[in-house]
Amino acid sequence: MNEAFLKACRGEATRPVPVWLMRQAGRYLPAYQEIREKIDFLTLCKTPELAAEVSVQPVDILGVDAAILFSDILIPVEAMGMGLDFYEGEGPALTPPIRTEKDLKGLRSIDPAVDVPFVLETVRILKKELSNRVPLIGFSGAPFTLAAYMIEGGTSRSFANTKRMIFESPSLFSPLMDLITEVTISYLRAQIEAGVQAIQIFDTWAGILTKEDYSRYALPYVSRVFKGLEGLGIPGIYFVYDGGHLLESTPGSGADVIGLDWRTDMETAISRLGPNVTVQGNLDPCDLFMPEDELRAKVDSILRQGQKAKAHIFNLGHGILPEISYEKARLMVDLVHELSA
Ligand code: CP3
């Protein structure tokens, strides 16, 4: 097996540097689009053979050093009792939004084996199909990010409903976060028992909080999730999108690896995190529009800066965009391997 990714997760600096891409299974790949022409996104998530197939695509096509389970962070939220839809170009819709005591009462905890069996089946099929070529990453949303989606009923510009609940109805926000945290722990545990070899927690919306609010209303729940998985021996990555102002707090999550978005350059991020932290990131996804020589220089610069960390896993600073050509993504993977060899 290609151990580079797992070694780096454990803090061992490796040459070449391992690389994978957030959202590496997705619409920028013609092979993915071909499957999506026949089946909608949610059905794809719930059809293990096909979900496994699209997870393997970037391993075959790009040569990345890890596969990630094909699913979505909102799948367990649907299992908790909310209606979930994805509208083309608009993102997810969750109904009804959680705003009152009564809405909260309508949510339930989940038993992953019963409520999301297709996720665990996808992991089992993937393990067979990857046959130890590269490790498999499982994932979940962070409790705060899931709560924000649930309270807003989708994405939002200001997240006013979420902040309103935090400040106006703490007696509602706190049990909601407790429930999501418990669900997240059992969901990730089930993925680990089914065979994933690392996990990543995506905190897409924590960046809307001030540093002080983040440390009260988001971070403690993430650290409860990582604590709840301690002893299973599986490394954890924690990625906060647009969380430059939160960097110093994130190692407090207990994650083994801190994912960096592209806004803070790697060198600055490492100096703020300290040299004992393993980092993942952080090429601006739009840098994949650059011509080859400029992209090469960018990749080289990030690799050089990454040497100052305990270990480095190369990635984008957020998900790959559908507008990117897969040839360019493959070039990036090749450049990482070549320049860090
Ligand atoms: O990384 C991977 O390749 C694994 C699969 C994966 C998906 N979503 C598939 C997906 C992962 C890890 C996610 C995580 C996810 N989902 C996040 C956290 C990462 C981030 O982007 O910040 C979030 C916020 C979501 C919620 C979500 N799912 C949104 C906002 C959208 C719509 C946006 C869009 O691009 O259309 C999705 C849909 C989604 N999830 C797609 C994929 C491949 C596109 C669906 C399609 O049309 O085929």
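All ligand and atom numbering here is 1-based and tracks the order in the structure.
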**Message:** Quick check on the 6.0 Å ring-centre criterion: do Trp205 and Phe144 meet it?
**Reply:** no
**Request:** Name the option, out of Ser71, Ser55, Ala67, Pro58, that contains the heavy atom nearest to atom 7 (C) of ligand 1.
**Result:** Ser71
**Message:** Which label fits Phe226 and Tyr238: parallel for a plane angle under 30°, tilted from 30 to 60°, or perpendicular past 60°?
**Reply:** perpendicular
**Ligand-side contact atoms (ligand 1) for residue partner Gly91, heavy atom cut-off under 4.0 Å** = 32 (C)
**Glu90 near ligand 1 by a heavy-atom separation under 4.0 Å** = no
**Message:** What protein heavy atom lies closest to atom 20 (C) of ligand 1? Include the residue and the distance to one decimal.
**Reply:** His318 NE2, 3.1 Å
**Message:** Enumerate the side-chain hydrogen bond (donor to acceptor under 3.5 Å, both in side chains) contacts for residues 65-82, please, sequence neighbours excluded, ordered by first and then second residue.
**Reply:** Asn2-Asp65, Lys46-Glu78, Asp65-His337
**Message:** I want to confirm something. Looking only at heavy atoms, which of Phe41, Phe202, Tyr32 is nearest to atom 48 (O) of ligand 1?
**Reply:** Tyr32
**Prompt:** In ligand 1, which numbered atoms sit nearer than 4.0 Å to a non-hydrogen atom of Leu69?
**Reply:** 4 (C), 5 (C)
**Request:** Report yes if the distance between the aromatic ring centroids of Tyr326 and Tyr28 is under 6.0 Å, otherwise no.
**Result:** no
**Val54 to ligand 1, any heavy atom closer than 4.0 Å** = no
**Request:** Using a 4.0 Å heavy-atom threshold (strictly under), name the region of Phe86 that reaches ligand 1: side chain, backbone, both or neither.
**Result:** side chain
**Prompt:** Tell me, which protein residue and heavy-atom name are nearest atom 18 (C) of ligand 1, and how many Å apart are they?
**Reply:** Thr204 OG1, 3.4 Å
**Message:** Contact between ligand 1 and Tyr149 is defined here as a heavy atom of the residue under 4.0 Å from a ligand atom; is it met?
**Reply:** yes
**Sub-4.0 Å heavy-atom approach of Phe139 to ligand 1** = yes
**Fill in**
A student checking ligand 1 against Ala25 at a 4.0 Å heavy-atom cut-off should list atoms 3 (O), 43 (C)
**Message:** For the backbone of Thr100 and the side chain of Asp103, can you confirm whether one donor and one acceptor N or O come within less than 3.5 Å of each other?
**Reply:** yes
**Message:** Please determine whether a side-chain nitrogen of the Lys or Arg among Asp178 and Arg224 lies less than 4.0 Å from a carboxylate oxygen of the Asp or Glu.
**Reply:** yes
**Complete:** d(Leu331 CG, Leu295 CG) to nearest 0.5 Å is 5.5 Å
**Asked** So which heavy atom on Asp261 is nearest to which on Asn282, and how close?
**Response** O-ND2, 3.2 Å
**Message:** Could you check whether Phe41 and Phe70 have their ring centres less than 6.0 Å apart?
**Reply:** yes
**Fill in**
Nearest non-hydrogen protein atom to atom 15 (C) of ligand 1, with distance, is Arg23 NH2, 3.7 Å
Only distances under 3.5 Å count here; give the side-chain donor-acceptor pairs of residues 5-20 to other protein atoms, sequence neighbours excluded, each with its distance to 0.1 Å.
from  : atom 1 : to     : atom 2 : distance (Å)
Arg10 : NH2    : Gly233 : O      : 3.2
Arg15 : NH1    : Ser340 : O      : 3.2
Trp20 : NE1    : Gln280 : OE1    : 3.0

**Given Pro291, Cys286, Pro285, the one that forms side chain to side chain contact (heavy atoms under 4.5 Å, CB included) with Phe289** = Cys286
**Complete:** Among Glu88, Met22, Gln57, Arg27, the residue with a heavy atom nearest to atom 44 (C) of ligand 1 is Arg27
**Request:** Tell me which protein heavy atom sits closest to atom 40 (N) of ligand 1, plus the residue, atom name and distance to 0.1 Å.
**Result:** Asp72 OD1, 2.9 Å
**Message:** Among all the protein's non-hydrogen atoms, which is closest to atom 17 (C) of ligand 1, and how far away is it?
**Reply:** Ile73 CD1, 3.7 Å
**Request:** Say whether Arg36, considering both its backbone and side-chain N or O atoms, lies within less than 3.5 Å of an N or O atom on ligand 1.
**Result:** yes
